[in-house]
Amino acid sequence: MISFTIKRLASGLVLLIVICALSYALLYFNSSGIARNILGEQATPEQIAAKEQELGLDQPLLGRFLDWATSALSGDFGQSWFTTLSVSNALTTRLPVTLVLITVSMILVTVFATVLGTAAAIKRGWFDRVVQVGAVVGDAIPGFVLAIFLVTIFAIQLGWFPAVSTIAPGAGLDAWVVSLTLPVIAIVVNYVTASAQQIRSAVITQREREFVRTLRSRGLDEREILLKYVLRGAAPAGLTVLSLQFVGLLGGAVIIEQIFAIPGIGQLAVTSAVNGDIPIMMGIVVATVILVIIVNLAVDLANGWLNPKVRTS
Amino acid sequence: MSSTVTIAPAEQSTRPRPVIVRIVRNPLGAASVFVLLLVVLAALLAPVLAPYSANFADIASTLAPPSAEHPLGTDSAGRDVWSRLLWGAQVTLLSALVCAVVAIAIGLPSGLIAGYYGRAFDSTSNWLANMLLSLPAIIVLLAVRSAFGPSVWIAMVVFGILLSPGYFRLTRTAVQAVRNELYVDAARASGLSDARIISRHVMSVVRAPIIIQTALVAGVAIAIQSGIEFLGLGDPQTPTWGAMLSEGFRNIYIAPLLIVWPALAIGLTVGSFVLLGNALRDALEDSPKVKANRRAVEAAIQAGALTDSVAGVNVALVRPEDVQDDLPFETELATTPQVPDDTTGHLLEVHNLAIGYPLADGTIKTVVNGVSFHLDKGEVLSIVGESGSGKSQTAFAILGLLPEAARIVGGSIVIDGIDTVRPGESIVSQAQLRPLRGRRISYIPQEPMSNLAPTYTIGYQLSRPMVELLHISRAEAKKRAIALLDRVGIADPARTYDLYPHEISGGMAQRVLIAGAVSCEPDLVIADEPTTALDVTVQAEVLDVLRRMRDELGVGIVLVTHNFGVVSDLADRVAVMQRGTIVETGSVRDVLRAPQHEYTRTLLGSMLEGKKPLTMLGEEKETAK
């Protein structure tokens with residue numbers, strides 16, 4: 001298990017380095033545009049040249065990347081070009097909000113999807129058909145259209161929830177709860193059906209395995225067979241789809257945060273993208289990739305724990 | 001919005017209707033095709049239908065309600081909503097097209113090469129695909145936007161690259177599956193070039209999944225594109241539904257209707273692409289669904305009751321007293337069947353059993369018909385027949401472990417006085433069987449490896465039923481399990497106890513399964529081809545273990561097999577099954593020496609031809625020539 005973990009960690013590290021290099025090259029590719037963007041259209045060529053020198057844009061790309069990487073290792077991701085904020089500061093105030101939103105949503109998605117998918121696989125009949133149709137419908141409605149619908153009805157028309165998030169530094173738990181209820185509902189409704197569908201088919205496949213029949217013949221309780229053997233066998237498939245959804249949600253949260261005016265990393269990403277605030281954008285990409293790597297590592301380790309064959313090979 | 005697609009198992013042999021007909025006959029499919037046709041028409045006819053150009057602003061009437069001049073009103077800049085919707089349809093469809101074309105152009109060829117040639121290209125491209133898949137699309141698109149500025153088309157090209165792993169994986173998996181097929185080998189041997197083989201054999205396999213994937217990709221592309229525009233990151237000069245949505249959202253307190261039109265357009269178009277993908281999947285991949293028709297089952301039970309009385313062929317083996325037809329179905333048979341004494345008191349009694357499966361057309365396919373036999377403690381009854389003769393179905397009916405679709409269409413089963421299938425019932429009574437399984441009746445399966453749960457140790461799987469059923473401590477169960485492993489001839493039982501199934505051989509696994517079957521000291525063991533999957537040398541040893549179980553524990557064994565060698569080695573009596581009925585029964589010696597039925601002779605003949613079965617010589621020396 002230890003060598004398995006080390007191997008996974010190493011491959012995650014390689015991924016991180018590759019993505020950082022690629023994004024750096026991509027973001028700083030168009031160097032001449034950057035200074036003009038900051039200074040505005042009226043800037044003279046001399047001003048632009050001076051700005052480029054100030055930002056180090058006249059240096060070769062590889063050298064700049066290595067500089068960036070060295071200071072990034074010590075936690076210094078540089079400074080925003082448009083505000084006085086340091087990148088790491090901006091990230092540490094924004095990231096927790098987004099993480100709470102995503103984590104709460106994914107926990108609920110996992111619970112509901114497992115219950116719905118398993119029940120559909122075991123009961124079949126009308127319940128199964130409802131889950132199946134629900135999965136198609138859930139797939140067909142774009143998440144942000146659903147979110148707009150929710151905010152229009154429940155926040156704007158009925159006024160049950162604030163239309164603009166009240167989450168702020170030092171805000172109480174109640175502010176978090178009222179601000180995140182609608183967005184979490186929007187995410188859960190949008191994501192739960194797809195994973196329920198995957199879990200359903202995984203449970204059906206597992207229940208048809210021959211060893212399940214043999215376990216039944218041994219007189220074991222149907223509940224024990226389901227909880228210990230069937231769900232354990234179905235778990236890797238469920239974890240895979242849930243981890244893919246988590247990754248998708250890192251992006252999807254950007255739109256959700258915009259709709260519900262939540263001060264998370266998504267809002268920061270949108271303003272930085274509009275302004276061309278490259279250092280912030282770079283910080284966001286790095287933070288996202290690290291999150292993706294952590295989630296994938298967790299899923300790999302969970303699969304190794306669930307299946308002795310994965311662990312030993 | 002996951003867009004996973006499974007690979008169809010090659011071409012389907014029967015294709016009753018053209019695909020398009022099957023899509024349109026599916027109501028959701030028809031609706032989605034209709035909506036998409038409307039969107040395409042709107043996009044094509046936008047120059048004709050739109051009263052204004054996309055960015056024409058009537059400053060005098062901003063946020064105007066619907067009127068004759070502006071059918072859907074105007075936005076905050078005085079632009080005509082109806083016109084912008086139509087122009088937006090063009091951008092929307094084109095962006096989906098760009099995205100899909102880029103994704104296919106990258107994913108398909110790389111998938112073909114990776115799947116067909118493998119090696120370094122395969123591992124590199126697979127790693128790249130995994131990397132792309134682990135990137136959140138919107139974050140990447142935001143990064144691209146900040147580097148290259150607002151452009152729908154650049155965003156869609158990048159998004160196409162991000163979606164290409166879907167096509168890559170699809171193609172790669174399909175090609176890998178086909179590459180090793182015999183017909184591809186044959187094509188290669190006959191000198192066809194790789195390009196010809198790929199275009200002829202491989203493309204035919206991946207075509208359907210790629211069409212389905214493309215419908216889903218188009219939906220996702222439109223959703224993402226609208227999302228980016230909604231965030232206000234698009235080019236303000238390009239009329240898009242997403243930008244209109246954003247405009248509506250900003251003015252939601254003043255002109256709430258403004259948000260409805262783009263939201264409807266996006267929702268319907270994205271939804272239609274996804275639904276079309278599903279309809280395509282159903283039309284291209286799925287086989288017709290089997291519906292269990294309750295009335296058909298009941299009708300078949302009636303028919304089964306009829307075959308009971310005409311099951312004359314079986315009478316040779318069923319003593320007249322065994323036939324219980326004259327018993328009214330309503331009779332309470334709960335514990336003691338009211339039949340003449342000498343047919344009761346058997347450990348296992350199967351009377352005129354018939355099993356069927358509902359078919360798509362509402363009829364029932366009968367796979368077992370009018371089967372009767374009985375078994376006592378310490379006795380081995382062998383059911384012999386080729387595959388498909390219904391012998392395994394009979395065994396699973398006794399265990400109550402038939403597939404869910406199966407129906408008992410006639411007859412009854414009594415295990416030690418307990419009715420597990422009462423006459424007239426269409427399913428096995430799980431309530432009656434549950435307390436019997438493990439404790440009184442047990443099962444040895446055919447394929448040892450797939451019948452052990454891969455995620456638990458041998459020891460856990462062996463001791464768990466004992467803890468539950470015999471109410472003993474875990475330490476006690478472990479002691480018994482190790483003793484059992486020793487008894488079935490496993491060399492190092494204490495070590496084997498802690499191993500996982502994938503760490504032992506097939507022969508060992510079968511011994512473990514036999515140990516599991518007798519762990520709670522059952523009276524009756526159903527063994528379904530217990531030696532078929534094993535090496536010849538291991539077969540003899542496993543039969544030996546079974547014989548010892550019978551002699552030492554006095555269990556009755558129903559031994560399902562197609563091998564007369566196994567029969568002669570172990571069984572006391574034999575029943576020969578063909579096409580769902582028993583054609584001959586008797587003591588092993590009688591049936592083997594003087595088979596009465598043509599089918600028995602054929603089976604024996606096919607076995608004896610050209611060789612002397614060694615196992616037959618083992619027990620009965622005098623039959624050896």
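The figures that follow rest on heavy atoms only: side chains count, while hydrogens, waters and symmetry mates do not.
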Subject >> Charged N-O contact under 4.0 Å between A/Glu224 and B/Arg464 >> reply: yes

**OP:** Could you grab the distance from atom CE of B/Met131 to atom CG of A/Leu16, nearest 0.5 Å is fine?
**Re:** 12.0 Å

**OP:** May I ask you to name which of B/Ala263, B/Pro501, B/Ser272, B/Gly227 has the most heavy-atom pairs under 4.5 Å with chain A?
**Re:** B/Gly227

Original post:
Which answer fits B/Leu133, side chain, backbone, both or neither, if we ask what part of it has an atom under 4.5 Å from a heavy atom of chain A?
Top reply: backbone

**OP:** Check each atom of A/Val254 against the heavy atoms of chain B and say whether the ones under 4.5 Å are side chain, backbone, both or neither.
**Re:** both

**OP:** Name the region of A/Leu250, side chain, backbone, both or neither, that has any atom closer than 4.5 Å to a heavy atom of chain B.
**Re:** both

**OP:** With a 4.5 angstrom heavy-atom cut-off, could you sort out which part of B/Ser226 is near chain A: side chain, backbone, both or neither?
**Re:** both

**OP:** Tell me, out of A/Arg218, A/Glu222, A/Glu210, A/Met281, who's got the most heavy-atom pairs with chain B below 4.5 Å.
**Re:** A/Arg218

Subject >> Contact origin within B/Phe273 toward chain A - heavy atom pairs under 4.5 Å >> reply: neither

Subject >> CD-CZ distance between A/Gln258 and B/Phe249, expressed to the nearest 0.5 angstrom >> reply: 8.5 Å

**OP:** Let me know if A/Leu22 has heavy atoms under 4.5 Å from chain B in its side chain, its backbone, both or neither.
**Re:** side chain

**OP:** Name the region of A/Val145, side chain, backbone, both or neither, that has any atom closer than 4.5 Å to a heavy atom of chain B.
**Re:** side chain

**OP:** Starting at CD1 of B/Ile228, measure out to CD1 of A/Ile255 and round the result to the nearest 0.5 Å.
**Re:** 6.5 Å

Original post:
What is the distance from atom CD1 of B/Ile266 to atom CD1 of A/Ile148, rounded to the nearest 0.5 Å?
Top reply: 7.5 Å

Original post:
What do the steps show when you test A/Phe149 against B/Ile259 for side chain to side chain contact (heavy atoms under 4.5 Å, CB included), and what is the final call?
Top reply: CA-CA 10 Å; A/Phe149 175 79; B/Ile259 203 171; over 6 Å; no

Subject >> Closest heavy-atom pair and its distance - A/Gly251, B/Ile139 >> reply: CA-CG1, 4.3 Å

Subject >> Non-neighbouring partners of A/Ser23 that pass side chain to side chain donor-acceptor pair (under 3.5 Å), sequence neighbours left out >> reply: none

**OP:** Starting at CZ of A/Arg216, measure out to CG of B/Leu399 and round the result to the nearest 0.5 Å.
**Re:** 12.0 Å

Subject >> Portion of B/Leu245 that has a non-hydrogen atom of chain A nearer than 4.5 angstrom >> reply: side chain

Original post:
Under 3.5 Å, is there a donor-acceptor pair between the side chain of B/Arg145 and the main chain of A/Ala273?
Top reply: yes

Original post:
Taking C-beta and beyond as the side chain, do B/Leu513 and A/Phe211 meet within less than 4.5 Å on heavy atoms?
Top reply: no

Subject >> Main-chain N/O of A/Leu215 paired to B/Tyr443 side chain as donor or acceptor, under 3.5 Å >> reply: no

Original post:
Contact part of A/Ser272 toward chain B, heavy-atom cut-off under 4.5 Å: side chain, backbone, both or neither?
Top reply: backbone

Original post:
Is chain A contacted by the side chain of B/Pro445, its backbone, both, or neither, given a heavy-atom distance below 4.5 Å?
Top reply: side chain

Subject >> Donor-acceptor contact below 3.5 Å, side chain B/Arg434 vs main chain A/Gly219 >> reply: no

**OP:** For B/Ala223 and A/Phe144, work out which heavy atoms get closest and say how close.
**Re:** O-CE2, 3.4 Å

Subject >> For chain A, the option from B/Gly516, B/Gly267, B/Ala137, B/Ser442 that forms the most heavy-atom pairs under 4.5 Å >> reply: B/Gly516

Subject >> Side chain, backbone, both or neither of B/Leu469 within contact of chain A (heavy atoms, under 4.5 Å) >> reply: side chain

Original post:
Say you draw a straight line from CD1 of A/Ile19 to CG of B/Leu132; how long is it, rounded to the nearest 0.5 Å?
Top reply: 8.0 Å

Original post:
At a heavy-atom separation under 4.5 Å, does B/Gln446 approach chain A through its side chain, its backbone, both, or neither?
Top reply: neither

Original post:
Looking at A/Arg209 and B/Pro454, what are the two nearest heavy atoms and their distance?
Top reply: NH2-CG, 4.0 Å

**OP:** May I ask you to name which of B/Phe396, B/Tyr456, B/Phe230 has the most heavy-atom pairs under 4.5 Å with chain A?
**Re:** B/Tyr456

**OP:** Return the option, out of A/Val212, A/Val295, A/Ile293, A/Val270, with the maximum number of heavy-atom pairs under 4.5 Å with chain B.
**Re:** A/Val270

Original post:
What parts of residues 283-291 of chain A touch chain B if we use heavy atoms and a cut-off under 4.5 Å?
Top reply: A/Ile284, A/Val285, A/Thr288, A/Val289

**OP:** Please tell me if the side chains of B/Tyr460 and A/Lys228 come closer than 4.5 Å, counting only heavy atoms from C-beta onward.
**Re:** yes

Original post:
So which of B/Ala143, B/Gly400, B/Ser519, B/Pro150 has the biggest tally of heavy-atom pairs under 4.5 Å with chain A?
Top reply: B/Ala143

